[in-house]
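Structure first, then comments.
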Amino acid sequence: MAYWLVKSEPDAYSIDDLARDRTEHWDGIRNYQARNMMRDDMRVGDGVLFYHSSCATPGVVGVAKVASKPYADPTQFDPESRYYDPKSDPDDPRWILVDMAFQRKLKRTIPLSELKEIQALSDMILLRRGNRLSIMPVDKAHWDLILSLE
DNA sequence: GCCAACGTTGGC
DNA sequence: GCCAACGTTGGC
């Protein structure tokens with residue numbers, strides 16, 4: 001079992017939205033690295049840290065898990081969608097997603113500022129300068145440490 | 001709102 | 001294949 005972190009802007013889709021929906025197809029990912037991780041590396045049951053970005057207090061806010069095998073992101077074929085990709089071939093879809101299922105909301109937000117102060121987390125991808133990946137792997141040791149801060 | 005960092009696009 | 005221009009991300 002592997003561990004991941006996904007970013008979401010709470011104005012667009014928050015942990016409370018996921019708590020309400022219980023499960024959500026993680027659509028709209030238009031970055032090849034992130035797509036490759038969903039397509040090639042995620043397995044049903046993998047753990048996911050849910051992270052709020054571009055907000056007053058960015059940080060880890062909940063736990064989810066991977067809830068489906070990878071499949072084609074339907075929004076790429078929908079001309080009405082902001083994620084529409086006219087260059088994607090329906091016979092060979094460019095964008096792949098998985099479903100995410102709600103597990104729980106943390107008792108508190110664990111803020112980015114706090115994670116940055118922890119030496120043992122200094123090599124986390126999330127904390128690397130200029131990191132813009134919206135999906136990234138998390139080491140088990142980092143996963144355990146972050147959740148121990150709750 | 002600013003701006004650094006990055007990924008993608010497209011001309012050559 | 002290079003690289004400048006551009007758009008986006010995301011913290012502050």
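Throughout, protein chains are lettered first and strands after them, A, B, ... in sequence-line order, and every chain is numbered starting at 1.
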Given atom [atom1] of [X] and atom [atom2] of [N], what is their separation to the nearest angstrom?
| X | N | atom1 | atom2 | result |
| --- | --- | --- | --- | --- |
| A/Tyr83 | C/dT8 | OH | C1' | 12 Å |
| A/Leu127 | C/dG11 | CG | P | 11 Å |
| A/Ile125 | C/dT9 | CD1 | P | 19 Å |
| A/Arg128 | C/dG10 | CZ | C1' | 17 Å |
| A/Glu117 | C/dG11 | CD | C1' | 15 Å |
| A/His52 | C/dT9 | NE2 | C1' | 17 Å |
| A/Leu115 | C/dG11 | CG | P | 11 Å |
| A/Asn31 | C/dG7 | CG | P | 18 Å |

[X], nearest nucleotide to its side chain (from [options]):
| X | options | answer |
| --- | --- | --- |
| A/Tyr51 | B/dG10, C/dG10, C/dG11 | C/dG11 |
| A/Gln33 | B/dG7, B/dT9, C/dG11 | B/dG7 |
| A/Leu112 | B/dT9, C/dC12, B/dG7 | C/dC12 |

What is the nucleic acid contact for A/Ser54, judged by heavy atoms within less than 4.0 Å: base, sugar-phosphate only, or nothing?
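Base: the residue A/Ser54, judged by heavy atoms under 4.0 Å, touches a nucleobase.
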
Determine: side-chain N/O of [X] to OP1/OP2 of [N], distance under 4.0 Å, yes or no.
| X | N | value |
| --- | --- | --- |
| A/Lys7 | C/dG10 | yes |
| A/Lys116 | C/dC12 | yes |
| A/Arg129 | B/dA4 | no |

For A/Arg94 and for A/Asn131, find the nucleotide of DNA chain B with the closest heavy atom, then tell me which residue's nucleotide is more 5'.
A/Asn131

Specify the residues of residues 34-41 of chain A, ordered by number, for which at least one heavy atom lies under 4.0 angstrom from an atom of DNA chain B.
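Nucleic-acid contacts, sorted: none.
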
By the side-chain hydrogen bond (donor to acceptor under 3.5 Å, both in side chains) test, which pairs, at least two apart or in different chains, include something from residues 139-150 of chain A?
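For residues 139-150 of chain A, and leaving out neighbouring residues, the side-chain hydrogen bond (donor to acceptor under 3.5 Å, both in side chains) pairs sorted by first residue read A/Arg104-A/Glu150, A/Asp123-A/His142, A/Lys140-A/Asp144.
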
A/Val6 side chain reached by A/Met37 side chain, heavy atoms, under 4.5 Å
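Contact flag for A/Met37/A/Val6 side chains = no.
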
Looking at A/Arg94 and A/Asp89, is there a salt bridge between them, counting it only when a charged N and a carboxylate O are closer than 4.0 Å?
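Looking at A/Arg94 together with A/Asp89, the answer is no, because their closest N to O distance does not fall below 4.0 Å.
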
One thing to verify: whether A/Asp46 and A/Lys65 come together as a salt bridge, which I'm taking to mean a side-chain N less than 4.0 angstrom from a carboxylate O.
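The answer is no: the pair does not qualify as a salt bridge.
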
Are A/Trp26 and A/Phe50 close enough that their ring centres sit under 6.0 Å apart?
yes

Can you confirm if the aromatic rings of A/Tyr32 and A/Trp95 lie within a centre distance of less than 6.0 Å?
yes

Let me know which of A/Arg35, A/Arg30, A/His25 forms a side chain to side chain donor-acceptor pair (under 3.5 Å) with A/Asp73.
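The side chain to side chain donor-acceptor pair (under 3.5 Å) with A/Asp73 is passed solely by A/Arg30 among A/Arg35, A/Arg30, A/His25.
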
